[in-house]
Amino acid sequence: MAQQFDYPKTETQLREIQDKLYQHSKEARDAGDRPAFKGLLEIMSAEVTIITAILYLMTPESETSVLTP
């Protein structure tokens, strides 16, 4: 049976997942290991992830903004 992934539906859920990914990565790196993830493609393709990225790029305070002059 295939594992089902529950896509983040809000920015808050996305932030919680990002925090968990960061913590997992930090723990793996501190242990000298390479972090491994399942479901990363699903997280990246979730609608809330894409909208959050677009809004971030459109924010004038964003130093990496490619959409503002």
Side-chain angles (χ1 to χ4, degrees):
M1 177 183 241
Q3 181 178 354
Q4 295 293 322
F5 181 79
D6 189 21
Y7 290 86
K9 292 169 185 58
T10 66
E11 189 172 349
T12 301
Q13 289 175 342
L14 175 61
R15 298 273 182 216
E16 290 170 358
I17 291 172
Q18 289 174 327
D19 290 343
K20 289 177 186 176
L21 289 172
Y22 173 80
Q23 187 61 36
H24 176 74
S25 297
K26 183 173 180 351
E27 290 170 1
R29 298 297 293 180
D30 289 347
D33 295 329
R34 187 173 166 196
F37 303 105
K38 292 183 180 178
L40 197 52
L41 182 60
E42 289 82 0
I43 294 168
M44 292 185 313
S45 64
E47 181 179 354
V48 68
T49 305
I50 296 167
I51 291 171
T52 300
I54 291 169
L55 291 175
Y56 174 78
L57 290 174
M58 294 176 68
T59 303
E61 298 84 41
S62 171
E63 293 180 17
T64 60
S65 179
V66 295
L67 301 178
T68 56

Common cluster, Val48/Leu40, ILVMFWY with side-chain heavy-atom separation under 4.5 Å: yes
Look up atom [atom1] in [X] and atom [atom2] in [Y], then write down how far apart they are to the nearest 0.5 Å.
{"X": "Thr49", "Y": "Glu11", "atom1": "OG1", "atom2": "CD", "value": "9.5 Å"}
{"X": "Ser25", "Y": "Asp33", "atom1": "OG", "atom2": "CG", "value": "11.5 Å"}
{"X": "Lys9", "Y": "Leu14", "atom1": "NZ", "atom2": "CG", "value": "12.5 Å"}

Other residues, nucleotides, ligands: >12 heavy atoms within 6.0 Å of Phe37 CZ: yes
So, for [X] and [Y], which heavy atoms are closest and what is the spacing to 0.1 Å?
{"X": "Ala28", "Y": "Arg34", "result": "CB-C, 4.3 Å"}
{"X": "Ile50", "Y": "Met44", "result": "CG1-O, 3.9 Å"}
{"X": "His24", "Y": "Ala36", "result": "NE2-O, 3.1 Å"}

Lys20, Lys26, Glu27 screened by side chain to side chain donor-acceptor pair (under 3.5 Å) with Gln23, the one that passes: Glu27
